Number of protein chains: 2
Amino acid sequence: MPWRNGTGPPWIHGKFQGCGYRLTMPRQVIMDVLSQTSEHLSAEDIYLAVHKIYPAIGLTTVYRTLEILVQMGLVFKFDFGDGRARYELSEGPKSIGHHHHLVCSGCGRIIDYTDFIDDEVELLKKTEKGLSKKYNFKITNHLIQFYGLCDKCQ
Amino acid sequence: MPWRNGTGPPWIHGKFQGCGYRLTMPRQVIMDVLSQTSEHLSAEDIYLAVHKIYPAIGLTTVYRTLEILVQMGLVFKFDFGDGRARYELSEGPKSIGHHHHLVCSGCGRIIDYTDFIDDEVELLKKTEKGLSKKYNFKITNHLIQFYGLCDKCQ
DNA sequence: TATTTATTGATAATGGTTTTCATTATTAAT
DNA sequence: ATTAATAATGAAAACCATTATCAATAAATA
């Protein structure tokens, strides 16, 4: 990485400013934490990780920042049914790119998968076009999740 | 409908017994309420509707019953991001059959759609088969949702 | 009928998320 | 630079959907 910890890549700065937000230290560190993991972190997970780097952080700020990041499209918010939201960077160094999740109903394990993306994209394009037309609904995002039992739980 | 209010169709009774549950009055009325709507009711919505027919109902019982119904596969539980779960009968008189949802990020409106189900089913079959094999993950269910802005919000 | 077992509902507790609000940091104006 | 206006922060309290507790009731079984 060509930037110091907490400094963040330059384009992030522009993105924030472009949306009328300031790229403050807490926000940079939250972005760093999200960039350096491929896990599905909860707000508290993020709070704890940020706290190691920037101990003055408050949980409230984490929630507020995540809301902004989701709204800016930099972060995806997921609900895997365990009562707490999970957050993932939508793009970045460790991002595995466009993917979806297998959610184990037994142990709650989450498996990322990127298979059949080509077929999926084809269907989605068709579907999005059709639905946009039929309902005049402007689609910005989609969610696909599979539920079932992982190898250890069946 | 060939059965009285709160009596429910016969097969429901068998289903409950088969799972080791009793088909009590509160449970029957909850099933009735779910059968007679095509909306996306929250637990409280259901509680209020049931309360008109069966005033002794408690909110706790509604939650407990819904949990059972979901676990039995009679009801789907959804999260549309407004902080409360929504419940839909997976099959029944007013059910529109297999469908998915468009979620408006502006006003929270939910639009059911059943388009492209054939193409979707094809992709899902392929995907499920591939993922089951690759990850040894036994898929029981899936979720597809589109997010965006409805006609009134753009 | 007696006895075991499941179900119920009022209440309290839980816990993730939001709101409040005074303080602090950042930007813009002078 | 200094000051004024604005945005961001964090501690604490509030919120609110959902769960756990537990005594009372209903249903199934012996």
Side-chain angles (χ1 to χ4, degrees), chain A residues 6-8 12-31 33 40-72 75 77-87 108, chain B residues 6-8 12-31 33 40-72 75 77-87 108:
Chain A
T7 310
I12 292 280
H13 205 277
K15 182 97 184 179
F16 267 82
Q17 288 192 329
C19 294
Y21 295 116
R22 297 171 184 171
L23 182 49
T24 60
M25 189 59 68
R27 289 173 181 173
Q28 287 176 46
V29 182
I30 288 170
M31 281 299 287
V33 165
H40 316 92
L41 303 179
S42 68
E44 195 184 358
D45 292 336
I46 295 165
Y47 166 75
L48 292 172
V50 171
H51 189 268
K52 291 179 186 170
I53 304 164
Y54 186 87
I57 192 80
L59 185 54
T60 310
T61 300
V62 173
Y63 275 106
R64 268 189 300 230
T65 302
L66 287 171
E67 192 185 343
I68 287 172
L69 294 173
V70 168
Q71 186 239 310
M72 284 197 300
V75 164
K77 181 179 183 178
F78 293 96
D79 166 54
F80 297 136
D82 65 343
R84 63 186 59 188
R86 307 277 169 166
Y87 301 86
Chain B
T7 309
I12 293 280
H13 205 277
K15 182 97 183 177
F16 267 81
Q17 288 191 328
C19 294
Y21 295 116
R22 297 172 185 170
L23 183 49
T24 61
M25 189 58 71
R27 288 172 182 174
Q28 287 177 46
V29 182
I30 288 169
M31 281 299 288
V33 165
H40 316 91
L41 303 179
S42 68
E44 195 184 359
D45 292 336
I46 295 166
Y47 167 76
L48 291 172
V50 171
H51 189 268
K52 290 180 186 168
I53 305 163
Y54 186 86
I57 193 78
L59 184 55
T60 311
T61 299
V62 173
Y63 275 106
R64 268 189 301 231
T65 302
L66 287 171
E67 192 185 343
I68 288 171
L69 293 173
V70 168
Q71 186 239 308
M72 285 198 299
V75 164
K77 181 179 183 179
F78 293 97
D79 167 54
F80 297 137
D82 66 342
R84 63 187 61 191
R86 307 278 169 166
Y87 300 86

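Just so we're on the same page: letters track the sequence lines, and every chain starts at 1. Since the model is a prediction, treat every value here as computed from it, not as a measurement.
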Sugar-phosphate, base or nothing in reach of B:Y54, heavy atoms under 4.0 Å: sugar-phosphate
For chain B, the stretch of DNA chain D it reaches, first to last nucleotide, under 4.0 Å of its heavy atoms: D:dA17 to D:dA28
Distance (rounded to the nearest 0.5 Å) between A:I57 CD1 and A:L48 CG: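 One finds 11.5 Å between CD1 of A:I57 and CG of A:L48.
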Distance, nearest 0.5 Å, that separates CZ of A:F16 from CE of A:M31: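 Between atom CZ of A:F16 and atom CE of A:M31 there are 6.0 Å.
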Enclosure of B:Q17 CD (heavy-atom neighbours >12, cutoff 6.0 Å): yes
Short side-chain to backbone donor-acceptor contact, A:R84 and A:A43, under 3.5 Å: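 Pair absent, no side-chain N/O of A:R84 close to backbone of A:A43.
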Whether B:R27 side chain and B:T65 backbone form a donor-acceptor pair below 3.5 Å: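 Answer holds: no.
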Nucleic acid contacts - residues 77-87 of chain B versus DNA chain D, non-hydrogen atoms under 4.0 Å: B:G83, B:R84, B:A85
Protein-nucleotide distance (A:D45, atom CG; C:dG15, atom C1'), rounded to Å: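 In whole Å, C:dG15 C1' and A:D45 CG are 15 Å from each other.
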Nearest-Å distance for atom pair CD1/P, residues B:I46 and C:dG9: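 Interatomic distance, CD1 of B:I46 to P of C:dG9: 15 Å.
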Is there a side-chain contact between [X] and [Y] (heavy atoms, below 4.5 Å)?
X: A:I46; Y: A:L66; value: yes
X: A:I12; Y: A:K15; value: no
X: A:F80; Y: A:H40; value: yes

Partner residues of A:D79 under the salt bridge (Lys or Arg N to Asp or Glu O under 4.0 Å) criterion, sequence neighbours left out: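 Scan of A:D79 (salt bridge (Lys or Arg N to Asp or Glu O under 4.0 Å), adjacent residues dropped) gives none.
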Non-neighbouring partners of B:A49 that pass side-chain contact (heavy atoms from CB on, under 4.5 Å), sequence neighbours left out: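 Per chain and number, B:A49 pairs via side-chain contact (heavy atoms from CB on, under 4.5 Å) with B:V33.
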Pairs flagged by side-chain hydrogen bond (donor to acceptor under 3.5 Å, both in side chains) wherever residues 44-63 of chain B is involved - sequence neighbours left out: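 Non-adjacent pairs meeting side-chain hydrogen bond (donor to acceptor under 3.5 Å, both in side chains): B:S42-B:D45.
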Below 3.5 Å is the cut-off: list the nitrogen or oxygen pairs between protein and nucleotides 1-7 of chain C, distance only.
{"from": "C:dA6", "atom 1": "O4'", "to": "B:R22", "atom 2": "NH1", "distance (Å)": "3.4"}
{"from": "C:dA6", "atom 1": "O4'", "to": "B:R22", "atom 2": "NH2", "distance (Å)": "3.0"}
{"from": "C:dT7", "atom 1": "OP1", "to": "B:R22", "atom 2": "N", "distance (Å)": "3.3"}
{"from": "C:dT7", "atom 1": "OP1", "to": "B:R27", "atom 2": "NH1", "distance (Å)": "2.9"}

Nearest-nucleotide 5' precedence on DNA chain C, A:L59 against B:T60: B:T60
Any A:Y63 side-chain N or O less than 4.0 Å from OP1/OP2 of C:dT18: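 A:Y63 to C:dT18 OP1/OP2: no side-chain N or O under 4.0 Å.
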